[in-house]
There are 2 protein chains.
Amino acid sequence: MMAEKPVRKRRKSGDEIRTTIVNAATRIVMEQGAARMTLADVAKAAGISKGGLLHYFASKDALIRAMITAGLDSFEEKTTAMIASDPTPGSYLRAYITTSFPAERADDIAAAMIAGIATDPDLLADYAVESTKWSDRLRDDGLDYLHAEVIRLAVDGLYFNEAIGLPPLSLPDRAEFLKRLIAMTRVSAEVQR
Amino acid sequence: MMAEKPVRKRRKSGDEIRTTIVNAATRIVMEQGAARMTLADVAKAAGISKGGLLHYFASKDALIRAMITAGLDSFEEKTTAMIASDPTPGSYLRAYITTSFPAERADDIAAAMIAGIATDPDLLADYAVESTKWSDRLRDDGLDYLHAEVIRLAVDGLYFNEAIGLPPLSLPDRAEFLKRLIAMTRVSAEVQR
DNA sequence: TGTTATGGACCGGCTGGACGGTTTGGAATA
DNA sequence: TATTCCAAACCGTCCAGCCGGTCCATAACA
């Protein structure tokens, strides 16, 4: 049963397969819905058997948790990279916006959240932790806090709507909308009240 | 066999039971998550048997659809009532805000959406139809359209976040935030650009 | 009024199938 | 050989939907 494992082994293919599985699960949720995300289907989509899948993720919950942390880590990484090249006030908010809506859609976070909601809302605990971090950073972003929250939550609103398959804006409107949000991150606070 | 029935009979209890069932289902989703919304549990919560439930709703999908339409109808009703007593520009947007966040929380729409996502995203079709109506009304609300969409989607963002159990704002901040949104519905458009 | 007929409302046990997770066995690798 | 990795069969559970049956309200008739 070996309580401690050597850790230094054939890590390479292991992590690769893990991300392959996570990507397959994400794709299934986005294309077919959370109800269709069964272990058997995910395994098939990942080119693996169910037994193999469970070798890498001990349970379905573990897989969903991995989906969530993968999405959040990727988001975190992109935003911090973007902030580094933009030291002006509102930089975090702008990174939040552009990372939420990249050129080519990649709703990994949305799929993970949907999967979590469908099976057990407790799985979203990691997301809750991250959410408070975002709020804290917004307070330090050099803008009026409430103004920043309006923008941030507008981003969330568009993101959630699209995640559940309900585009609330026409394509040209959407582009204008995002430009408007970016512009709002440059409006000084006192314009507001 | 009398093809025509008098119609004036015992209609009363039928619809009442239906709403009782819908309310029970909504409560279960909010309190225990969509995965726990089984027909047996809903029936028990409604004080009815599973067979009785299936007598009123032919399938689980039908029940979820009823939840969605009930939530949307209630929302529609409240906003239109509110608009009637507020003829100034931005009246629809203000109604949208205050109806989304009433004094006492009643996340019937959120529960219905979560149940829909968990079982089959196609069930949200009604919601999509309503969504376009909201956009159309925003265009006629007497405000700059993009400005109005920022506010509307900020409402959605807060609503969705809270619906999945992630309050992104502290309680005092939340109150300030809603006041800010209301105030923004009174900002004339040209302030923006 | 008493009796029987009819049909809708409702119950709850049952089942077929799906799904998460386990086990077993074997192939690849070291 | 030992260990890691993975496939496939299998198991136990759970749930949606079905179905036979009961109850009750009204109606038709006498």
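Quick note on labels: first sequence line is chain A, next is B, and so on, each numbered from 1.
- Ranked by how close their nearest DNA chain C nucleotide is to the 5' end, A:Ala35 and A:Ala58 are led by A:Ala35.
- Of the N and O atoms on the side chains of A:Ser135 and A:Arg152, at least one donor lies less than 3.5 Å from an acceptor on the other residue.
- Distance CG (B:Leu63) to P (D:dC15): 15 Å, rounded to an integer number of Å.
- Between A:Arg137 and A:Asp140 there is no salt bridge, since no side-chain N of the basic residue sits under 4.0 Å from a carboxylate O of the acidic one.
- Taking atom NE2 of A:His55 as the reference point, atom C1' of D:dT4 lies 7 Å away to the nearest angstrom.
- A salt bridge does not link A:Asp141 with A:Arg139: none of the charged nitrogens is closer than 4.0 Å to a carboxylate oxygen.
- Considering only the side chain of B:Thr38, D:dC15 comes nearest among C:dC11, D:dC15, D:dG17.
- Between B:Arg174 and B:Glu162 there is a salt bridge, since a side-chain N of the basic residue sits under 4.0 Å from a carboxylate O of the acidic one.
- In terms of phosphate contacts, A:Lys60 brings a side-chain nitrogen or oxygen within less than 4.0 Å of OP1 or OP2 of C:dG20.
- Position along DNA chain C of the nearest nucleotide to A:Ala40 versus B:Ile48 favours B:Ile48 as the more 5'-ward residue.
- We find that CD1 of A:Ile17 is positioned 13 Å from C1' of C:dA28, with the value rounded to whole Å.
- In terms of position along DNA chain D, the nucleotide closest to A:Leu53 lies nearer the 5' end than the nucleotide closest to the other residue of the pair A:Lys50 and A:Leu53.
- Among the nucleotides D:dG17, D:dC5, C:dG21, the one closest to the side chain of B:Ser59 is D:dG17.
- The residue A:Leu54 sits close to a base: some heavy atom pair falls under 4.0 Å.
- With rounding to whole Å, B:Lys44 atom NZ is found 12 Å from C:dG12 atom P.
- Here the P atom of nucleotide C:dG21 and the CG atom of A:Leu39 are 6 Å apart, to the nearest Å.
- Regarding B:Phe57, its CZ atom lies at a distance of 19 Å from the C1' atom of D:dC15, rounded to whole Å.
- Between B:Asp86 and B:Arg94, at least one side-chain N (NZ, or NE/NH1/NH2) sits under 4.0 Å from a carboxylate O, which counts as a salt bridge.
- Rounded to an integer number of Å, the gap from B:Met37 CE to D:dG17 P is 11 Å.
- Checked against D:dC5, C:dC11, C:dC14, the side chain of B:Ser49 finds its nearest nucleotide in C:dC11.
- A straight line from CD1 of B:Ile28 to C1' of D:dC15 spans 14 Å, rounded to a whole angstrom.
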